[in-house]
Student: 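Let me give you the structure first, and then I'll get to my questions.
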Amino acid sequence: SQELEQSPQSLIVQEGKNLTINCTSSKTLYGLYWYKQKYGEGLIFLMMLQKGGEEKSHEKITAKLDEKKQQSSLHITASQPSHAGIYLCGAELAGTYKYIFGTGTRLKVLA
Amino acid sequence: SAVISQKPSRDICQRGTSLTIQCQVDSQVTMMFWYRQQPGQSLTLIATANQGSEATYESGFVIDKFPISRPNLTFSTLTVSNMSPEDSSIYLCSVAGVNTGELFFGEGSRLTVL
């Protein structure tokens, strides 16, 4: 079974709309990472969250980690076609030094 | 930060053959990770490679199929043995940042098995 679940699996939004992607784990996470992958390309690091309740923003993207460190959300404000791609959450499982990835969310932004 | 170079970037292989992917890091790292990304899928951890010890494989991956070498702190190889079309994937090498814990990735090796 997947240890990191992402939702939704895919998302199509109109340019300018806001959207949220969720990442949930059944285990406590040591660190939570968000990556973006353009189709057929490498991974681009977006943000890392390590503390419960932490929130970080970069340009129009905001990521939050809940107090229990088991759930994170990625919010994009006023989406643009350049935001399109696959968003992946990744995490280091506490006490394992093992990094795993979520199921991925495919985002398409219509101009 | 860490810069990771992977070779080959892509290859087309025949069924039954083996291919070795190389991963070179520009700094010394303790742990290196190998991932597989099948078409349209997320990343799946194959194994963790520590220098001087046997790689630790995840469930569903075995050493005979995916032998890994880690001869020093900056280099690792992953071999995909006796390939079948189901092995067609992107294989990614990654390392964790020493201070930040951020995972850095190579550009990946895209394998197509005919």
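Every chain is numbered from 1, with letters handed out A, B, ... down the list of sequences. None of the values given here were measured: they were computed from a predicted structure.
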Student: Are A:Tyr30 and A:Tyr35 connected into the same hydrophobic cluster when the rule is that any two of I, L, V, M, F, W, Y join if their side-chain heavy atoms are below 4.5 Å apart?
Tutor: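 Unlinked, A:Tyr35 and A:Tyr30 end up in two clusters.
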Student: In Å and rounded to the nearest 0.5 Å, what is the CD1 to CG distance from B:Ile90 to A:Leu43?
Tutor: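 One finds 9.0 Å between CD1 of B:Ile90 and CG of A:Leu43.
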Student: Can you establish whether the number of heavy atoms outside B:Lys65 located under 6.0 Å from its atom NZ is more than 12?
Tutor: yes
Student: Residues of residues 13-22 of chain B under 4.5 Å from chain A (heavy atom pairs)?
Tutor: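 Under the 4.5 Å heavy-atom cut-off, nothing qualifies.
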Student: Mind checking the CG-CZ spacing from B:Leu92 to A:Phe101? Nearest 0.5 Å is all I need.
Tutor: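 One gets 9.0 Å once the value is rounded to the nearest 0.5 Å.
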Student: Looking at every heavy atom in both A:Leu88 and B:Ser42, which two are closest together, and how far apart are they?
Tutor: CD2-OG, 3.1 Å
Student: Crowded around B:Tyr57 OH? As in, over 12 foreign heavy atoms under 6.0 Å?
Tutor: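 Check passes, neighbour count above 12.
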Student: Take atom NZ in A:Lys68; do more than 12 heavy atoms of anything else shown fall under 6.0 Å from it?
Tutor: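 Count not over threshold, so no.
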Student: Could you tell me the separation between the CD atom of B:Gln41 and the CD1 atom of A:Ile86, rounded to the nearest 0.5 Å?
Tutor: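 The CD atom of B:Gln41 sits 9.5 Å away from the CD1 atom of A:Ile86.
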Student: Would one find more than 12 heavy atoms of other residues, nucleotides or ligands at under 6.0 Å from atom CD of B:Glu54?
Tutor: no
Student: Is the number of heavy atoms from other residues, nucleotides or ligands within 6.0 Å of NZ (A:Lys38) greater than 12?
Tutor: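 It does: A:Lys38 NZ has more than 12 such atoms within range.
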Student: Same hydrophobic cluster for A:Leu65 and A:Ile76, using side-chain heavy-atom links shorter than 4.5 Å among ILVMFWY?
Tutor: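 Yes; A:Ile76 is reachable from A:Leu65 via cluster members.
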Student: Among the clusters formed by ILVMFWY side chains lying less than 4.5 Å apart, do B:Met31 and B:Leu43 turn up in the same one?
Tutor: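 Linked, B:Met31 and B:Leu43 end up in one cluster.
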Student: With a 4.5 Å heavy-atom cut-off, do B:Thr44 and A:Ile100 have their side chains touching?
Tutor: no
Student: Tell me if the CD atom of A:Gln14 is crowded by more than 12 foreign heavy atoms within 6.0 Å.
Tutor: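 Atom CD in A:Gln14 is crowded, with more than 12 foreign heavy atoms closer than 6.0 Å.
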Student: Is the side chain of A:Tyr99 donor-acceptor paired with the backbone N or O of B:Phe33 at a distance under 3.5 Å, no angle test?
Tutor: no
Student: Honestly curious: do A:Ile61 and A:Ile44 fall in one hydrophobic cluster under the side-chain, below-4.5 Å linking rule?
Tutor: no
Student: Could you walk me through whether B:Leu103 and A:Phe45 satisfy the side chain to side chain contact (heavy atoms under 4.5 Å, CB included) test, starting with their C-alpha distance in whole Å, then the side-chain angles of each, then the deciding distance to 0.1 Å, before giving a yes or no?
Tutor: CA-CA 8 Å; B:Leu103 266 189; A:Phe45 173 75; over 6 Å; no
Student: Report, by ascending residue number, the residues of residues 105-114 of chain B in heavy-atom contact with chain A at a distance under 4.5 Å; give 'none' if the set is empty.
Tutor: B:Phe105, B:Glu107, B:Arg110
Student: Is chain B contacted by the side chain of A:Gln37, its backbone, both, or neither, given a heavy-atom distance below 4.5 Å?
Tutor: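 It is the side chain, since no backbone atom gets that close.
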Student: Verify the cluster assignment for B:Met83 and B:Trp34: are they in a single hydrophobic cluster under the rule of side-chain heavy atoms below 4.5 Å apart?
Tutor: yes
